[in-house]
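Working notes for the structure below.
Numbering of residues begins at 1 and proceeds along the displayed sequence. Computed from heavy atoms alone, side chains included, the values below leave out hydrogens, waters and symmetry copies.
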Amino acid sequence: MRPMTLEEFANIREHTIREYAAVHVSVGNWTAEESIEQSTQSIDKLLPDGVATDKTLLLTAVIEDSIPIGYLWIGLERGPTKDAGAWIYDIELYEQFRGKGYGRALLKQAEVETKSHGVNKLGLNVFGSNTVARNLYESAGYITKTLQMSKEL
């Protein structure tokens, strides 16, 4: 793991905006027309200073000391106290590195990095349709705290 570069951040920011917009459209939260603007506002509010945003870890996962395989975005404070814990806003492996055990290693590294900053609780959100990620998180000991459900009428 290493700190994310400005160039990596610029690319990941654009990718994250598109992905976040798409998933909110797919679950019916936003219309396609408003999704990019809504997503951009959300991301920019959480990362007002990019890689220098206070209480935020933006890290690039690498193998062989130089090959980027994915990234982590962790907010070290989810609430007014450290008891509220940290939050994984994004964790992603690039497609060619999936299914090789790197996801589990990246999740473990998120836990190590969080704990090294004195925070002993880590949460995340996963959309219901993302069964691969849900299985990974559950097998790593994460438990469901809330569950949103809906039905189209």
Side-chain angles (χ1 to χ4, degrees), residues 1-24 26-27 29-30 35 38-95 97-149:
M1 295 298 292
R2 64 168 168 72
M4 190 177 289
T5 67
L6 292 174
E7 182 180 348
E8 288 168 335
F9 174 73
N11 292 331
I12 287 166
R13 179 183 171 276
E14 290 304 313
H15 170 78
T16 301
I17 287 169
R18 286 190 311 274
E19 291 294 313
Y20 194 59
V23 75
H24 276 279
S26 75
V27 297
N29 293 339
W30 298 336
S35 65
Q38 292 280 9
S39 182
T40 300
Q41 289 175 4
S42 295
I43 301 302
D44 289 348
K45 183 177 180 183
L46 291 167
L47 295 169
D49 298 316
V51 296
T53 300
D54 193 36
K55 298 177 181 154
T56 300
L57 301 175
L58 290 164
L59 305 167
T60 299
V62 296
I63 55 173
E64 300 170 15
D65 294 326
S66 64
I67 301 169
I69 64 168
Y71 59 90
L72 281 170
W73 168 15
I74 302 170
L76 291 173
E77 290 184 4
R78 184 72 173 151
T81 67
K82 284 192 175 187
D83 292 341
W87 193 258
I88 297 175
Y89 284 99
D90 204 359
I91 179 170
E92 185 163 341
L93 279 176
Y94 302 130
E95 193 168 337
F97 298 104
R98 294 178 187 163
K100 298 177 179 169
Y102 293 123
R104 185 166 306 285
L106 187 55
L107 186 58
K108 182 63 177 168
Q109 192 61 39
E111 296 167 5
V112 169
E113 293 287 340
T114 300
K115 197 162 179 107
S116 77
H117 285 83
V119 183
N120 295 314
K121 187 178 190 182
L122 183 59
L124 55 85
N125 182 59
V126 61
F127 285 94
S129 61
N130 192 344
T131 55
V132 173
R134 287 176 48 206
N135 289 336
L136 170 64
Y137 303 143
E138 288 170 359
S139 71
Y142 288 76
I143 58 171
T144 302
K145 293 289 193 166
T146 62
L147 182 64
Q148 262 186 0
M149 300 175 80

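Between the CG atom of Asn130 and the OH atom of Tyr137 there is a distance of 7.0 Å, given to the nearest 0.5 Å. Separating the CG atom in Leu6 from the CG atom in Leu58 is a distance of 10.5 Å, to the nearest 0.5 Å. Atom OH in Tyr71 sits 12.5 Å away from atom CG in Leu59 (nearest 0.5 Å). Remark: Thr53 OG1 to Leu46 CG distance equals 9.0 Å, nearest 0.5 Å. Interatomic distance, Leu57 CG to Ser116 OG, rounded to the nearest 0.5 Å: 7.0 Å. Annotation: the span from Thr60 atom OG1 to Ile69 atom CD1 amounts to 10.5 Å, rounded to 0.5 Å.
Using modelled atom types, one side-chain atom of Arg98 and one backbone atom of Leu93 make a donor-acceptor pair closer than 3.5 Å. Ser129 places no side-chain N or O within 3.5 Å of a backbone atom of Phe127 that could act as its donor or acceptor partner.
Closest heavy-atom contact between Val126 and Ala133: CG2-CB, 3.9 Å. The two residues Leu106 and Glu92 make their nearest non-hydrogen contact at CD2-O, 3.8 Å. Minimum heavy-atom separation, Leu72 to Gln109: CD1-C, 4.5 Å. When all heavy atoms are compared, the tightest approach of Ala86 to Ile74 is CB-CG2, 4.1 Å.
Residues forming a ring-ring contact (aromatic ring centres under 6.0 Å, His included) with Tyr20 (at least two apart in sequence, or on another chain): His24, Trp30.
Side-chain contact of Arg13 with Thr40: a donor-acceptor pair under 3.5 Å is absent, judged by distance alone.
Remark: Glu113 does not engage Lys108 in a salt bridge, criterion side-chain N to carboxylate O under 4.0 Å. Between Glu8 and Arg2 a salt bridge is recorded (basic side-chain N to carboxylate O distance below 4.0 Å).
Between Pro48 and Asp44 there is no side-chain heavy-atom pair separated by less than 4.5 Å. Residues Ile63 and Tyr102 are in side-chain contact: their nearest non-hydrogen atoms beyond the backbone lie under 4.5 Å apart.
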